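This structure is a prediction, so every number in the text was calculated from the model and none was measured.
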Amino acid sequence: MVRANGAVSLRELARVVQTSEVTVRRDVRALESEGLLDRRHGGAVLPGGFSRDPGYPQKTHLATAEKSAIADLAADMVEEGDAIVVGAGTTTQELARRLARVPGLTVVTNSLLVAQALAHANRVEVVMTGGTLRGSNYALVGSGAEQSLAGLRVTKAFISGSGLTAERGLSTANMLSASVDRALVQAANEVIVLADHTKLGTDSMFQTVATEAITRLVTDERTLLDDLTSREQHALADCGVQVSVASLGLSAESGAHQQAARRAAGPSGQAPGSPLPGQRRPAPHTALPPAARLAERIR
């Protein structure tokens, strides 16, 4: 199972082999002594593992302007009286700061940073999950967090991660965080991924949300200026993901693209005729550069 998936949890192993986690933990320890895998908290990974996810102090200095623009656009998608879930991350923290002014809002979160941003918002009710604190990103994880989300139903989930590709969807570098994020999105009618240009085209260890389960991507306009991220954004749209691009005013070219997108999309940022989840657009017939093709698609 580790060779097939890259990692596995003790709980999943115990379920598959129909034995206790105590027995599984003993066997995993024996396999590690033979060099066949590496133990991690709550599971096991292939020997050597993957690189560690940057902690909160490092993330706060990455793509700050982009995260702010993405949060501005995402906040416009929240309406008075909504009940939503908001996952952990520095981008979702920025979103939470803007949600404090939405009256009658209920926010369910496993993030201490999101809860802190909303702590003094008189018109917003904050519901926190249970769980074990993961100090590197100030998030509650583990079975307690997942169980507290069972039976929950909300309108929208706003979630971030370490990487996003059309082939694999949203992914993250931590197994426990991935499990809680999956529980968060299962509670929502719409799944909205907040991902700046540094995450597009990047794949991380644990899948959080498959592409077909993502309703909308909110990203920044730098994705239009790079061939790799532009192609990835184009491929996500082909898979039925609605794409909203936050303007940074970087250049005349990207500004023209964004102006065309805003004229066509209206206040919500959604292009008319955008496919429903699961539907695919026809491929463009012209051999334009990726950024130009995406602008044509938005128009």
Salt bridge present between R222 and E66 (N-O < 4.0 angstrom):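 Between E66 and R222 there is a salt bridge, with a charged N closer than 4.0 Å to a carboxylate O.
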How would you list, by chain and number, every residue that makes a side chain to side chain contact (heavy atoms under 4.5 Å, CB included) with [X], sequence neighbours excluded?
{"X": "N110", "result": "A88, T129, A139, L140, V180, L184"}
{"X": "T23", "result": "T19, S20, R26, D27"}
{"X": "A213", "result": "V209"}
{"X": "L36", "result": "R3, L31, E34"}

Between Q233 and L200, is the side-chain contact (heavy atoms from CB on, under 4.5 Å) condition met? List the steps. CA-CA 7 Å; Q233 187 173 331; L200 258 67; 4.0 Å; yes
How close do R134 and V141 get, heavy atom to heavy atom, and via which atoms?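 What the structure gives for the nearest pair is CB-CG2, 4.1 Å.
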I need the minimum non-hydrogen distance between V241 and L217, along with the two atoms involved.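 Looks like CG1-N, 3.6 Å.
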Quick check: does any side chain N or O of [X] sit under 3.5 Å from a backbone N or O of [Y], one acting as donor and the other as acceptor?
{"X": "S171", "Y": "Q207", "result": "no"}
{"X": "E125", "Y": "V107", "result": "no"}
{"X": "S177", "Y": "N174", "result": "no"}
{"X": "S179", "Y": "M175", "result": "yes"}
{"X": "T155", "Y": "A83", "result": "yes"}

Donor-acceptor pairs under 3.5 angstrom involving side-chain atoms of residues 114-124: please list them, not counting sequence neighbours.
unit_1: R123; atom_1: NH2; unit_2: R101; atom_2: O; d: 3.1

Please name all residues satisfying salt bridge (Lys or Arg N to Asp or Glu O under 4.0 Å) with R15, sequence neighbours left out, ordered by chain then number.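 Residues passing salt bridge (Lys or Arg N to Asp or Glu O under 4.0 Å) with R15: E12.
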Mind checking what makes salt bridge (Lys or Arg N to Asp or Glu O under 4.0 Å) contact with E94, not counting sequence neighbours?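 Only R97, R98 meet the salt bridge (Lys or Arg N to Asp or Glu O under 4.0 Å) criterion with E94.
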Could you walk me through whether I192 and I159 pass the side-chain contact (heavy atoms from CB on, under 4.5 Å) check? CA-CA 6 Å; I192 301 170; I159 191 168; over 6 Å; no
By side chain to side chain donor-acceptor pair (under 3.5 Å), which residues pair with T202, not counting sequence neighbours?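 In terms of side chain to side chain donor-acceptor pair (under 3.5 Å), with neighbours along the sequence ignored, T202 is linked to no residue.
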What residues form a side chain to side chain donor-acceptor pair (under 3.5 Å) with S160, not counting sequence neighbours?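 So S160 forms a side chain to side chain donor-acceptor pair (under 3.5 Å) with K199.
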Can you tell me which residue among D72, T90, D220, D196 is in a side-chain hydrogen bond (donor to acceptor under 3.5 Å, both in side chains) with K67?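 Of D72, T90, D220, D196, side-chain hydrogen bond (donor to acceptor under 3.5 Å, both in side chains) with K67 is met by T90 alone.
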Any pair with a residue in residues 103-121 that passes salt bridge (Lys or Arg N to Asp or Glu O under 4.0 Å), sequence neighbours left out, goes on the list, sorted by first then second residue, please.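 Checked against salt bridge (Lys or Arg N to Asp or Glu O under 4.0 Å) - neighbours excluded - no pair reaches residues 103-121.
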Pair listing, salt bridge (Lys or Arg N to Asp or Glu O under 4.0 Å) test, anchored in residues 143-164, at least two apart: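 Listed by first then second residue: R11-E146, D82-K156.
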Test side-chain contact (heavy atoms from CB on, under 4.5 Å) on N189 and V154 and set out the steps. CA-CA 7 Å; N189 294 328; V154 298; over 6 Å; no
